[in-house]
Engineer: 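Below: one structure in structure tokens.
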Amino acid sequence: MSTKDESGPVTLIAVLEAPVDNSEEFIAGWRTHLELLRTAPGFRGARLHKALRAEHRFPLVAVADWASTADLAAASAGERGGPGAEKYARTVHRGVYRVIGEVASGQPADGAGVTMVNAFELPDERVEEFLGAWRPRAERASESPGFVDFRMHQAVGEASLPLVNVAHYASVEAWKALQADPEFQARKAVNPPYATANPGLFEVVAEVVAEGVAEPM
């Protein structure tokens, strides 16, 4: 995917849709791929997430941060292009994104932390309208006990998943407590009918951070 503006950081997100064949083989290949990425110009960090629930629609989500689209394009064109997700899944939702909103509590996740990935399907022309309804919900989530941080990513150009939210909580229990919060549920109830959310809890099964770069969220 290309973009007219090649300045500023971008995030490459690849979401594999079930069924995924030989997922362990893909994970092993991605771990090897990370070692190639480590020295790529402009690379900042990457994580491969595996859904905690085996039947989740999107069992694997790869997130890689880059200094610019030019750096990403250079890596994709060479030997650092990745293990080839299409070999393992018939449907791969891939896009280049920019972070359009982020909040951090200042409390780092410990070893029991969990990642929540929510990929949204909606018409591109209604993204801004949707974000207006989503922000109050995100505000309530950021106030909940056990919340660590979140980043909302918006696709640069067309993408089958125009918005992808990646959030971290101190534990699965903290995330479940938020879902049971009446105020959060009230704000969640205003989710527009034209948007489909695909939330899920994930564990990180492979990650690397470029030397001299702070750990990615």
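Values below: all heavy atoms of this structure, side chains included; hydrogens, waters and symmetry mates excluded. A quick note: this is a predicted structure, and the numbers were derived from the prediction, not measured.
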Engineer: Under 4.5 Å between any side-chain heavy atoms of Lys50 and Glu24, yes or no?
Structural biologist: yes

Engineer: According to side chain to side chain donor-acceptor pair (under 3.5 Å), who are the partners of Glu25, at least two apart in sequence or on a separate chain?
Structural biologist: Tyr88

Engineer: With a 4.5 Å heavy-atom cut-off, do Leu52 and Val114 have their side chains touching?
Structural biologist: yes

Engineer: Check salt bridge (charged side-chain N to carboxylate O under 4.0 Å, His left out) between Glu35 and all other residues, then give those that pass, not counting sequence neighbours.
Structural biologist: Arg38

Engineer: Can you tell me how far the CZ atom of Arg47 sits from the CH2 atom of Trp30, to the nearest 0.5 Å?
Structural biologist: 10.5 Å

Engineer: Under the salt bridge (charged side-chain N to carboxylate O under 4.0 Å, His left out) rule, what pairs show up with a residue in residues 128-137, not counting sequence neighbours?
Structural biologist: Arg126-Glu129

Engineer: Hydrophobic cluster membership, with links at side-chain heavy-atom distances under 4.5 Å among I/L/V/M/F/W/Y: are Leu12 and Val99 in one?
Structural biologist: no

Engineer: Does Thr91 reach the side chain of Phe58, with side-chain heavy atoms less than 4.5 Å apart?
Structural biologist: no

Engineer: What residues, two or more places apart in sequence or in another chain, satisfy salt bridge (charged side-chain N to carboxylate O under 4.0 Å, His left out) together with Glu173?
Structural biologist: none

Engineer: Lys188: what forms a salt bridge (charged side-chain N to carboxylate O under 4.0 Å, His left out) with it, not counting sequence neighbours?
Structural biologist: none

Engineer: Does Ala85 have any side chain to side chain contact (heavy atoms under 4.5 Å, CB included) partners at least two apart in sequence or in another chain, and if so, which?
Structural biologist: Leu16, Phe26, Val92, Arg94

Engineer: Please tabulate, for side-chain N and O atoms in residues 191-199, each donor-acceptor pair with protein atoms closer than 3.5 Å (sequence neighbours left out).
Structural biologist:
from, atom 1, to, atom 2, distance (Å)
Tyr194, OH, Phe130, N, 3.3
Asn198, OD1, Arg57, NH1, 3.2
Asn198, ND2, Ala119, O, 2.9
Asn198, ND2, Glu121, OE1, 3.1

Engineer: Hey, does Thr115 have a side-chain heavy atom less than 4.5 Å from the side chain of Val61?
Structural biologist: no

Engineer: For a side chain to side chain contact (heavy atoms under 4.5 Å, CB included) check, start with the C-alpha distance between Asp65 and Arg151, then their side-chain angles and the critical distance, and finish with the verdict.
Structural biologist: CA-CA 12 Å; Asp65 295 316; Arg151 282 183 175 178; 4.0 Å; yes

Engineer: Are the side chains of Leu201 and Arg53 in contact, using a 4.5 Å heavy-atom criterion?
Structural biologist: no

Engineer: So which heavy atom on Pro145 is nearest to which on Ala174, and how close?
Structural biologist: O-CB, 3.7 Å

Engineer: I'd like to know if Val20 and Ile27 are part of one continuous hydrophobic network [Ile/Leu/Val/Met/Phe/Trp/Tyr, side-chain heavy atoms within less than 4.5 Å].
Structural biologist: yes

Engineer: Mind checking what makes side chain to side chain donor-acceptor pair (under 3.5 Å) contact with Glu55, not counting sequence neighbours?
Structural biologist: none

Engineer: Would you say Val204 ends up clustered with Val208 if hydrophobic residues are merged whenever their side chains have heavy atoms under 4.5 Å apart, either directly or through other cluster members?
Structural biologist: no

Engineer: Under 4.5 Å between side-chain heavy atoms, hopping through other hydrophobics if needed: is there a path connecting Val127 to Trp134?
Structural biologist: yes

Engineer: Kindly indicate whether the side chain of Arg31, heavy atoms from C-beta on, has any atom under 4.5 Å from the side chain of Leu48.
Structural biologist: no

Engineer: Please answer whether the main-chain N or O of Pro136 pairs with a side-chain N or O of Arg187 as donor and acceptor at a distance below 3.5 Å.
Structural biologist: yes

Engineer: Go through the structure and list residues passing salt bridge (charged side-chain N to carboxylate O under 4.0 Å, His left out) with Lys176, not counting sequence neighbours.
Structural biologist: none

Engineer: Indicate the atoms forming the closest heavy-atom contact of Leu60 with Ser23, along with that distance.
Structural biologist: CD1-CB, 4.2 Å

Engineer: On a heavy-atom basis, which atom in Pro41 and which in Trp66 lie closest, and how many Å separate them?
Structural biologist: O-CZ3, 3.7 Å

Engineer: Assess the residue pair Val166 and Thr11 against the criterion (side chain to side chain contact (heavy atoms under 4.5 Å, CB included)); give the C-alpha distance rounded to whole Å, side-chain angles, the decisive distance to 0.1 Å, and a yes or no.
Structural biologist: CA-CA 12 Å; Val166 180; Thr11 301; over 6 Å; no

Engineer: Taking side chain to side chain donor-acceptor pair (under 3.5 Å) as the definition, give me every residue that meets it alongside Asp181, ordered by chain and number, with sequence neighbours left out.
Structural biologist: Arg140

Engineer: If you define the side chain from C-beta out and look only at heavy atoms, does anything of Leu178 sit under 4.5 Å from Phe147?
Structural biologist: no

Engineer: Report the distance from atom CE of Met152 to atom CD of Glu102, rounding to the nearest 0.5 Å.
Structural biologist: 12.5 Å

Engineer: Tell me, please, which residues at least two apart from Glu125 pass side chain to side chain contact (heavy atoms under 4.5 Å, CB included).
Structural biologist: Pro123

Engineer: After noting the C-alpha distance and the side-chain angles of Tyr97 and Leu161, does the key distance pass the side chain to side chain contact (heavy atoms under 4.5 Å, CB included) rule?
Structural biologist: CA-CA 10 Å; Tyr97 295 76; Leu161 300 172; 3.8 Å; yes

Engineer: Should Phe202 and His56 be marked as a side chain to side chain contact (heavy atoms under 4.5 Å, CB included) after you check the CA-CA gap, both sets of side-chain angles, and the distance that decides it?
Structural biologist: CA-CA 10 Å; Phe202 292 75; His56 193 276; 4.2 Å; yes

Engineer: So, using side chain to side chain donor-acceptor pair (under 3.5 Å) as the criterion, who are the partners of His93 when residues are at least two apart?
Structural biologist: Glu17, Ser160

Engineer: How long is the span from the NE2 atom in His168 to the OG atom in Ser105, to the nearest 0.5 Å?
Structural biologist: 11.5 Å

Engineer: Is there side-chain contact between Gln154 and Arg98, with at least one heavy-atom pair below 4.5 Å?
Structural biologist: no

